[in-house]
Amino acid sequence: MGLYIILMGVQGAGKGMQASYIRQNYNNIPQISTGDLFRAMKTRQDDFAKQIQQLMAEGKLISDEITNKVVEERLQLPDAGDGAIFDGFPRTPEQAEWLEGYLNSKGEKIAAVLLMKLDLYEAFRRAFGRVTSSSGESYNIYSNAERIDWKFSDHPEGAYPPRLEASLKANGEKLIRRPDDAHAHAIIKRIDTFINTTQPLINYYSKKGLVHEIDASKSIEDVSAEIKRILDAAR
Ligand code: AMP
């Protein structure tokens with residue numbers, strides 16, 4: 001039996017970090033992020049990929065039919081044979097029902113829904129202040145001020161948003177900000193959408209007794225320990 005887990009949490013709750021913890025400790029099961037799968041289509045020039053790019057740019061959801069298909073194809077890759085960590089999926093009760101049916105048909109089921117709870121202002125600061133090194137290590141201008149130098153510099157023509165320039169104090173390495181973290185209003189919109197879309201799913205999975213709330217404001221190690229406790233009990 002595989003281990004299928006749904007990770008839910010507002011952006012900045014540390015889902016990526018905990019997904020790699022789960023991956024390393026539970027059979028190397030992959031994180032399946034539908035957002036990443038759709039973003040990967042950026043390099044494709046066909047009409048289908050362009051249509052998806054357009055919907056994403058408008059902040060709209062991709063249809064359930066397309067999303068489920070993309071997830072189905074991903075689940076058929078050999079690395080997902082022992083389970084998967086879903087991130088950003090399901091986003092609608094229809095997707096949740098599809099997933100349940102699909103896993104059922106393989107004799108599998110969702111083991112746990114991990115709901116990583118975070119104060120929304122903290123969620124905003126984690127996203128807005130996030131910068132990453134070339135090796136993929138994450139820092140935050142608000143919480144790692146002792147290790148990084150940073151400033152906002154206005155665009156010469158006043159274009160929005162102002163640029164965040166950040167570098168590591170230790171070696172001067174430039175730190176990069178994800179373009180979608182640069183727009184404060186886009187982050188707020190994502191948080192807002194998250195609240196509206198997750199509540200029906202929380203209701204859906206609560207009825208099945210699968211939801212585990214986790215305090216995501218705790219240290220990374222404490223959150224991982226809590227996740228381990230839940231997953232070991234759920235298996
Ligand atoms: P994310 O990185 O999870 O915020 O996803 C980025 C964008 O991809 C979303 O704003 C949607 O346009 C699309 N997307 C990601 N996951 C889903 C999903 N499960 N259902 C529909 N659209 C999705």
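We count ligands from 1, going down the list as the structure has it; atoms in each ligand are counted the same way. Please read these numbers as outputs of a predicted model, since none were measured by experiment.
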Number the atoms of ligand 1 from 1 as they appear, then name those within less than 4.0 Å of a heavy atom of Thr67, with their elements.
18 (C), 19 (N), 20 (N), 21 (C)
Tell me the ring pair (Phe, Tyr, Trp, His ring centres under 6.0 Å) pairs involving residues 71-114, sequence neighbours left out?
Phe86-Phe89, Trp98-Tyr102
Taking N or O atoms only and a 3.5 Å limit, does Asp36 qualify as a polar contact for ligand 1?
no
Contact check: Ile62 vs ligand 1, nitrogen or oxygen atoms, below 3.5 angstrom:
yes
Side-chain contact, heavy-atom cut-off 4.5 Å: Gln95 with Asn68?
yes
Geometric N/O contact Gly88 with ligand 1, under 3.5 angstrom
yes
Can you tell which of Phe194, Phe38, Phe89 gets a heavy atom nearest to atom 23 (C) of ligand 1?
Phe38
Please examine the side chains of Ile230 and Glu226, heavy atoms only from C-beta on, and report whether any two atoms are closer than 4.5 Å.
yes
Assess Arg39 for proximity to ligand 1: is some non-hydrogen atom of it under 4.0 Å away?
yes
Would you mind checking if Lys106 and Glu108 are paired as a salt bridge, meaning a charged N to carboxylate O distance below 4.0 Å?
no
Taking atom 16 (N) of ligand 1 as the reference point, the nearest protein heavy atom with its distance:
Thr34 OG1, 2.7 Å
Beyond-backbone contact of Met116 with Met8, side-chain heavy atoms, under 4.5 angstrom:
no
From the candidates Lys60, Met56, Arg91, Gln11, the one that places a heavy atom nearest atom 4 (O) of ligand 1:
Arg91
Aromatic rings Tyr26 and Tyr21: how do their planes relate, parallel, tilted or perpendicular, breaks at 30° and 60°?
perpendicular
State the atoms of ligand 1, each with its element, that fall below the 4.0 Å cut-off from a heavy-atom position in Gln95.
18 (C), 19 (N), 20 (N), 21 (C)
Would Asp36 and Arg39 pass as an ion pair if we require N to O under 4.0 Å?
yes
